[in-house]
Amino acid sequence: MLASLSVGVLTLGTPAWRLRLSALALTLGLSLIALSGYLYDAELLYRTPGFSTTAIHTAFCGAFAGAACVLLAPDHPPLRLFLTDTASGAAMRRFVLPGLAALVVVQVVLAVAARAQLLQVPLAQGLELLVVGALVLVLFVSVGRHMDRFERDLLASHARLSESEAKFRLMADSAPVMIWLANGVGEVVFFNRRWAQFTGMPPERTLGYRWSEVVHPDELEAVVERYRRHMQDRTPFQFEVRLRRHDGEYRSLLATGAPFTDANGDYRGFVGSSIDISEVRQAMDRQALLMRELDHRVKNNLASVIAVAESTFAATHDAESFMEAFRGRVMAMARSHTALAAGRWTGLRLDRLVRTVVAPLFHDPDSSLTVEGPDVVVPSIAVAPLAMVLHELGTNALKHGACAGPGGRVEVHWTADDGESSRLIRLEWTERPGVGSIESRPGRASDSGVGSSGLGLSIVQGLVETELGGSVSLRMPPGDFSCVIEFSESSWRTLVRSAEMSRVDQQVPPVHPVHPSPQESAAT
Amino acid sequence: MNTMPINEPKTAGAVLVVEDNFLVGVLIARNVERLGYRAIGPVASASDAIARLASQSITAAILDINIRGGTSEPVAEALERAGIPFFFVTGYASPLLISQRLQSTLRLSKPVSDAELKRALETSVGPRSA
């Protein structure tokens with residue numbers, strides 16, 4: 001009893017005052033029971049055969065100790081953790097249960113010995129007191145020390161935890177990616193601020209499995225299934241998913257997740273991140289689109305070259321004139337392409353186009369070519385056919401027209417008049433024969449395709465009407481040859497061949513479709 | 001309105017060429033004629049092509065997918081309604097521009113050889129009965 005009291009007093013000096021208080025209460029209770037027990041024992045113990053009430057007292061002590069602990073410190077986290085923590089719980093059992101068992105054994109042995117007349121009753125009582133006191137002392141000192149150490153460790157680890165948690169939150173919240181943590185069964189228990197900003201919802205609204213509310217409906221089932229499978233298998237994952245942003249727009253995100261363990265190597269859940277890769281996705285889509293478009297344009301150009309070769313072949317009579325005409329046409333295509341590429345495919349100024357295509361045909365373009373007109377930008381899609389048209393007119397002028405003789409000149413003038421909806425371009429190609437030269441030549445290429453140049457004016461007409469959406473009017477000799485080509489800028493706009501192509505030309509990257517956001521389902 | 005019956009004898013062998021690249025269109029038309037069919041066109045837009053369908057008797061059609069102002073899909077639909085066989089000629093390797101329903105339609109890749117054109121025409125129209 002005295003020993004019990006002293007244990008209680010001894011343990012008072014420790015920092016966990018509530019725990020010490022409960023230990024003191026336990027000690028006091030134990031002492032009271034022991035006192036009443038011994039008083040009772042003195043009269044009854046050795047008169048009741050084969051039964052020691054001290055064993056009952058000891059059991060009472062244990063129950064009282066537990067009750068005291070729980071009653072006095074029900075909300076004391078270290079104690080609660082201590083009681084539920086398996087390793088420390090085992091330590092507690094190691095001290096308490098053997099201690100109690102030893103007490104019972106000592107009581108029974110002494111009782112039996114006294115009854116068998118091996119010991120004097122007062123001696124037995126004295127021994128019992130001594131042994132019980134020693135056991136209780138050992139028990140309380142052990143438990144006290146253990147709890148001390150445990151509490152110290154616990155407080156220290158709590159301090160570490162809160163420090164690292166503060167660091168973790170700081171990092172997680174300032175990271176440019178969305179970060180989440182899931183527990184062992186796959187329920188998300190943490191989202192960082194970035195996620196809340198993306199979804200526009202407070203993190204607690206999307207915890208557990210509720211993040212799935214922002215997954216694109218088309219992908220929802222597959223995504224959740226995939227997520228569950230990885231959670232079950234505890235395997236890392238990485239996949240692309242479309243999630244609804246706060247403004248209702250679906251964005252492409254690259255979601256990654258990996259299992260993590262605690263210091264003991266026990267599986268604790270998943271840690272993951274998501275990053276908005278919509279821009280990357282768009283760039284990739286755009287690249288794929290450009291590759292397709294490149295493929296398409298290369299093949300179309302090859303088809304055009306074959307068509308030019310066939311047309312030229314049909315209109316020429318020998319290999320040499322074929323080669324000359326064919327080379328000239330392909331060169332015109334190449335030159336216009338070069339000029340377009342230099343301007344990054346944004347179109348070509350008409351004066352530049354005329355000079356690029358026509359000037360190389362003349363020996364002395366400065367004196368034999370006049371190019372004049374207001375600013376007109378030919379869209380990239382109209383450049384190739386217009387270049388072909390100008391090339392045909394140029395070669396015709398050289399072979400059969402005014403420039404076949406000395407001093408011949410070509411004047412290319414155009415006007416741009418405001419039409420109803422867009423400007424009307426009127427380009428006039430006029431040939432001025434040199435003084436004393438033949439005014440015009442009967443061999444000029446015409447619809448019949450007669451003449452060494454071949455393609456002739458029927459091609460010019462076909463190209464203008466089919467590919468430029470314009471019209472051609474010719475003034476044939478007598479008088480100076482002239483060719484008037486008219487088209488409107490709006491007809492150029494209809495040249496755009498497909499939505500896909502226009503997307504490339506307008507440099508507008510594709511976007512994922514935006515679905516109306518089901519706010520009702522998100523509010524559940 | 002064109003109400004040409006499906007089982008009309010195909011002796012006429014008139015092939016509509018829808019192609020917005022003029023020279024390529026002329027070449028295809030010429031090759032069609034060389035193979036013994038009569039070529040109609042080339043026409044460069046869907047609306048022109050549909051107008052030709054209404055005004056002329058056509059046995060088969062060759063469609064460039066990507067044409068002026070969009071795709072030749074409306075022409076394909078009109079041809080289907082009229083029961084006129086057709087096939088595509090395109091520079092695109094992957095069939096992205098046309099709807100799922102038309103994906104199974106024969107598609108030739110540009111540039112098209114004479115042998116391919118011949119085979120495609122014979123599959124669509126049957127060998128020229130001349």
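Everything quoted here is computed from the prediction, not taken from an experiment. The sequence lines fix the lettering, A, B, ..., with proteins before strands; numbering per chain opens at 1.
Within a 6.0 Å radius of CD in B:E33, other residues, nucleotides and ligands contribute more than 12 heavy atoms. In A:R352, the CZ atom is not crowded: 12 or fewer heavy atoms of neighbouring residues, nucleotides or ligands sit closer than 6.0 Å. More than 12 non-hydrogen atoms from other residues, nucleotides or ligands lie less than 6.0 angstrom from CD of B:E80. Within 6.0 Å of CE on A:M323 lie more than 12 heavy atoms contributed by other residues, nucleotides or ligands.
For A:L302 against B:P111, the heavy-atom pair with the smallest separation is CB-CG, 3.9 Å. Contact record, A:T466 with B:F22: OG1-CD1, 3.5 Å, taken as the closest heavy-atom pair. Nearest heavy atom pair, residue B:N31 against residue A:E310, reads OD1-OE1, 4.4 Å.
Only the side chain of A:A314 comes within contact range of chain B, with at least one heavy atom under 4.5 Å from a heavy atom of that chain.
With rounding to the nearest 0.5 angstrom, the OG atom of B:S113 is 9.5 Å from the CD1 atom of A:I306. Note that CD of A:E467 is 6.5 Å distant from CG of B:D20, once rounded to the nearest 0.5 Å. The distance from the CD1 atom of A:I459 to the CG atom of B:L23 is 5.0 Å, given to the nearest 0.5 Å.
Between A:S304 and B:N21, some side-chain heavy-atom pair lies under the 4.5 Å cut-off.
Each of B:V112, B:V26, B:L27, B:D48 has some count of heavy-atom pairs under 4.5 Å with chain A, and the biggest count is that of B:L27. Contacts with chain A were tallied for B:E19, B:K110, B:R30; B:K110 has the most, counting heavy-atom pairs under 4.5 Å.
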